[in-house]
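The structure under discussion appears below in the form of structure tokens.
Owing to the predicted nature of the structure, the values given are computational and were not obtained by experimental measurement.
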Amino acid sequence: MTAELFERQLALIADGDLEGLLAQYHEEATVVRFDRVAHGPEEIRDFFAAYLALKPTVDQVKSRQIAGDVILYNADMTIGGNQVNAFGTLIVKDGKVWRQTAAATPR
């Protein structure tokens with residue numbers, strides 16, 4: 001189920017599907033980046049609305065490791081026209097993303 005959640009996450013980002021992305025997140029979810037932290041449904045909605053406005057694309061998933069309820073990934077992405085090397089984790093609870101971290105460096 002965890003691998004399917006990750007693949008669905010990528011597809012929803014590619015489609016720019018805000019409602020679909022939000023459905024992936026647990027009601028007690030937290031998303032952490034260096035520049036922003038979002039807690040709960042309202043903040044996560046605002047977070048992903050702003051993120052999707054940058055038209056992110058996953059150019060290539062370079063690595064993915066799944067260990068139980070934890071997904072660790074590394075991907076080349078283009079976000080807001082900038083090519084980045086993205087890293088992150090998704091921690092799954094009750095079949096949904098409960099915690100997420102994300103960081104990116106220029107490529």
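Side-chain atoms of Asn74 do not come within 3.5 Å of backbone N or O of Arg64 as any donor-acceptor pair. Side-chain atoms of Glu4 come within 3.5 Å of backbone atoms of Met1 as a donor-acceptor pair (strictly under, hydrogens ignored). At distances below 3.5 Å, at least one donor-acceptor pair connects side-chain atoms of Gln24 with backbone N or O atoms of Leu5. For Thr2 (side chain) and Asp69 (main-chain N/O), no donor-acceptor pair under 3.5 Å exists by modelled atom type. Looking at Arg107, its side chain does come within 3.5 Å of a backbone N or O of Met77 through a donor-acceptor pair.
Summarising the geometry of Leu18 relative to Arg45, their closest heavy-atom pair is CD2-NH1, 3.8 Å, with the distance given to 0.1 Å. The shortest non-hydrogen separation linking Lys93 to Glu28 is NZ-OE1, 3.9 Å. Counting all heavy atoms, side chain and backbone alike, Pro56 lies closest to Ile79 at CB-CG1, 4.1 Å. When all heavy atoms of Val97 and Tyr25 are compared, the pair lying nearest together is CG1-CE2, 3.3 Å. Residues Ala75 and Val61 approach most closely at CB-CA, 4.0 Å, considering heavy atoms.
Hydrophobic clustering places Leu22 together with Phe47 (ILVMFWY residues linked when any side-chain heavy atoms are closer than 4.5 Å, directly or through intermediates). A single hydrophobic cluster is seen to contain both Leu54 and Leu52, as judged by linkage of ILVMFWY side chains at heavy-atom distances under 4.5 Å, directly or through other members. The hydrophobic clustering, which links ILVMFWY residues whose side-chain heavy atoms are closer than 4.5 Å, places Leu10 and Val84 together. Val58 and Leu12 fall within the same hydrophobic cluster, where Ile, Leu, Val, Met, Phe, Trp and Tyr residues are linked whenever their side-chain heavy atoms come under 4.5 Å apart, directly or through other members. Using a 4.5 Å cut-off between side-chain heavy atoms of Ile, Leu, Val, Met, Phe, Trp and Tyr, with links allowed through other members, Val32 and Tyr73 fall into different hydrophobic clusters.
For the atom pair CH2 (Trp98) and OG1 (Thr30), the distance works out to 8.0 Å, reported to the nearest 0.5 Å. Taking CG of Asp17 as the reference point, atom CD of Gln9 lies at 10.5 Å (rounded to 0.5 Å). To the nearest 0.5 Å, the span separating CZ on Arg8 from CD1 on Ile13 amounts to 12.5 Å. Rounding to the nearest 0.5 Å gives a distance of 9.5 Å between CD1 of Ile66 and CG of Leu90.
Look at Asp35 and Arg33 and you find a salt bridge, because one of the NZ, NE, NH1 or NH2 atoms lies within 4.0 Å of a carboxylate O, short of that distance.
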Checklist entry - Going through the distances and angles, do Ile44 and Gln100 end up as a side chain to side chain contact (heavy atoms under 4.5 Å, CB included)? => result CA-CA 11 Å; Ile44 290 173; Gln100 179 176 356; over 6 Å; no
Next on the checklist: One pair to check against side chain to side chain contact (heavy atoms under 4.5 Å, CB included): Asp76 and Lys62. What are the steps and the verdict?
Outcome noted: CA-CA 7 Å; Asp76 284 337; Lys62 297 192 304 187; 3.3 Å; yes
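Taking the six-membered ring where tryptophan is involved, the planes of Phe48 and Tyr51 are perpendicular, since the angle between them exceeds 60° and thus also 30°.
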